[in-house]
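These notes are about the structure you will find just below.
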Protein chains: 2
Amino acid sequence: MRNTTFNIFLSNHFKNYSTFVHTIVVDTMKIEDIIKSKVISLELKTVLNLLHTSNIVQDKTSEVLKPFDLSSEQFNVLRILRGQKGVPASLSCVQERMICKMSNTTRLVDKLIAKDMVQRSICENNRRKVDIVITQKGLDILKQLDAPMKALNDSVIENLSTQETETLNELLDKIRS
Amino acid sequence: MRNTTFNIFLSNHFKNYSTFVHTIVVDTMKIEDIIKSKVISLELKTVLNLLHTSNIVQDKTSEVLKPFDLSSEQFNVLRILRGQKGVPASLSCVQERMICKMSNTTRLVDKLIAKDMVQRSICENNRRKVDIVITQKGLDILKQLDAPMKALNDSVIENLSTQETETLNELLDKIRS
DNA sequence: AAACAACAGTTGTATATACAACGATTAAAC
DNA sequence: GTTTAATCGTTGTATATACAACTGTTGTTT
């Protein structure tokens, strides 16, 4: 009863079971139901919807990458390096392009080096920087992943028309602007 | 040159600098630029846009919660428990409603117990289950967070009209359907 | 050119998360 | 009613992440 806006958050369906003393209420509402319900404010619903949908996509991505023993951020870094077309990238350059701006790109790259997917060397023009390049092995693995990842991305928007997809992108851009 | 779809991923602007031997290319494209560029496919753009926007909202949330020493999932659990209005929730019930369906709700609740924000007891009707309830301290902290969190959620959609916000929710729902 | 500040990465430490194995309890099968 | 299977949580272990302190390099000031 303290705060209307939030007390109605996650209000439930209740199934009633009779017991010897009390009426036990068991609820069955999941995050999906909450988002689609009308009991929460539009702004909270939108935030939950955004985060939840993103998590689902993230999970699907991890699923695709699991057989390759890659985390989604490791994959992302490989993809960034491939986009460099042979031009070495510094750590900070990689970091700027990562989805999560994660605090520790060093150790992420360490993992990729251990897998022989990237190489690291000191940048001769600025010895504070390191040059990171993707190896042939890294490229080979990315190539194997191209089809399944394309399929995954397609599946994300399969229920949307092209127009709807473009609208979605515009709305997301607006959120960040 | 291997795969058209992916080789164009994260293609760059190049600034040319003349050097004694090679032309060094330095690129300045950040994730924001990539998403708004036209060099990647619509489906990849959409996925990156979704994940990136979600991460930004997540970061803003963490920022608000930091002074209270709460992670966003801990906050989420507290909010779920408040929604129970005194009815104990089992771990699995909490888990279903969490944004991240995280593998370890036990330890997350442990942290909240250590902060005296929730209480745990064995459910007498089903001794496999545990009953979790929010404490007065937990409620007090949530109350302090209500205004800033509402402000945060509002800020997320501040650049969208009501109609646009509803459209966004519909499109996100469609992605998950 | 010496001193100071800014920059690019790295490392230490604490915490969080993922995943699988485990223990206890309840439900189902026979 | 005993055995088997399913459920609910917990714990161990390995890995990932967050945050701050630190090292080495470059840029700036005087």
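The figures that follow rest on heavy atoms only: side chains count, while hydrogens, waters and symmetry mates do not. Per chain, numbering begins at 1; letters A, B, ... match sequence-line order.
- Annotation: of the two residues near DNA chain C, K66(A) and D110(A), the 5′-most nearest-nucleotide partner is D110(A).
- Each of N55(B), I35(B), L172(B) was evaluated against L50(B); a single residue qualifies, L172(B), per the side chain to side chain contact (heavy atoms under 4.5 Å, CB included) test.
- The closest side-chain heavy-atom distance from S41(A) to L44(A) is below 4.5 Å.
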| request: Under the side-chain contact (heavy atoms from CB on, under 4.5 Å) rule, what do N169(A) and E166(A) come out as? Steps first, then yes or no, please. | output: CA-CA 5 Å; N169(A) 277 290; E166(A) 274 161 6; 5.5 Å; no
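- Remark on DNA chain C: of its neighbouring residues D59(A) and V130(A), the 5'-side contact belongs to V130(A), judged by nearest-heavy-atom nucleotide.
- Remark: R120(B) is in phosphate contact with dT10(D), judged by side-chain N or O atoms under 4.0 Å from OP1 or OP2.
- Contacts of S90(B) with the nucleic acid, taken as non-hydrogen atoms under 4.0 Å apart, involve only primed sugar atoms and P, OP1 or OP2.
- Within the structure, every side-chain polar atom (N or O) of K111(A) is placed at least 4.0 Å from both OP1 and OP2 of dT15(D).
- Following rounding to the nearest Å, Q95(A) (CD) and dT10(C) (C1') show an atom-to-atom distance of 12 Å.
- For R176(A) and D173(A), the salt-bridge test passes: some basic side-chain N is under 4.0 Å from an acidic carboxylate O.
- The nearest pair of heavy atoms linking D146(B) to R82(B) is OD1-NH2, 3.0 Å.
- Along DNA chain D, the nucleotide nearest S71(A) and the nucleotide nearest T105(B) are compared for position; the residue whose nucleotide lies closer to the 5' end is T105(B).
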| How does each nucleotide of nucleotides 20-25 of chain C score, in 5' to 3' order, for protein heavy atoms under 4.0 Å: base (B), sugar-phosphate only (S), or none (-)? | -----B
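- With dT10(D), dT13(D), dG12(C) as the choices, the nucleotide that has an atom nearest any side-chain atom of L91(B) turns out to be dT10(D).
- Remark: P of dA18(D) and CD of Q74(B) are 15 Å apart, rounded to the nearest angstrom.
- The side chain of S92(A) places an N or O atom within less than 4.0 Å of a non-bridging phosphate oxygen (OP1 or OP2) of dG9(C).
- For R107(A), whose side chain is taken as the heavy atoms from C-beta onward, the closest listed nucleotide among dG9(D), dA18(D), dA8(C) is dA18(D).
- In this structure, E73(B) places its CD atom 11 Å from C1' of dA16(C), rounding to the nearest Å.
- A salt bridge does not link E63(A) with K60(A): none of the charged nitrogens is closer than 4.0 Å to a carboxylate oxygen.
- At a threshold of 4.5 Å between non-hydrogen side-chain atoms, the residues L108(B) and Q74(B) count as touching.
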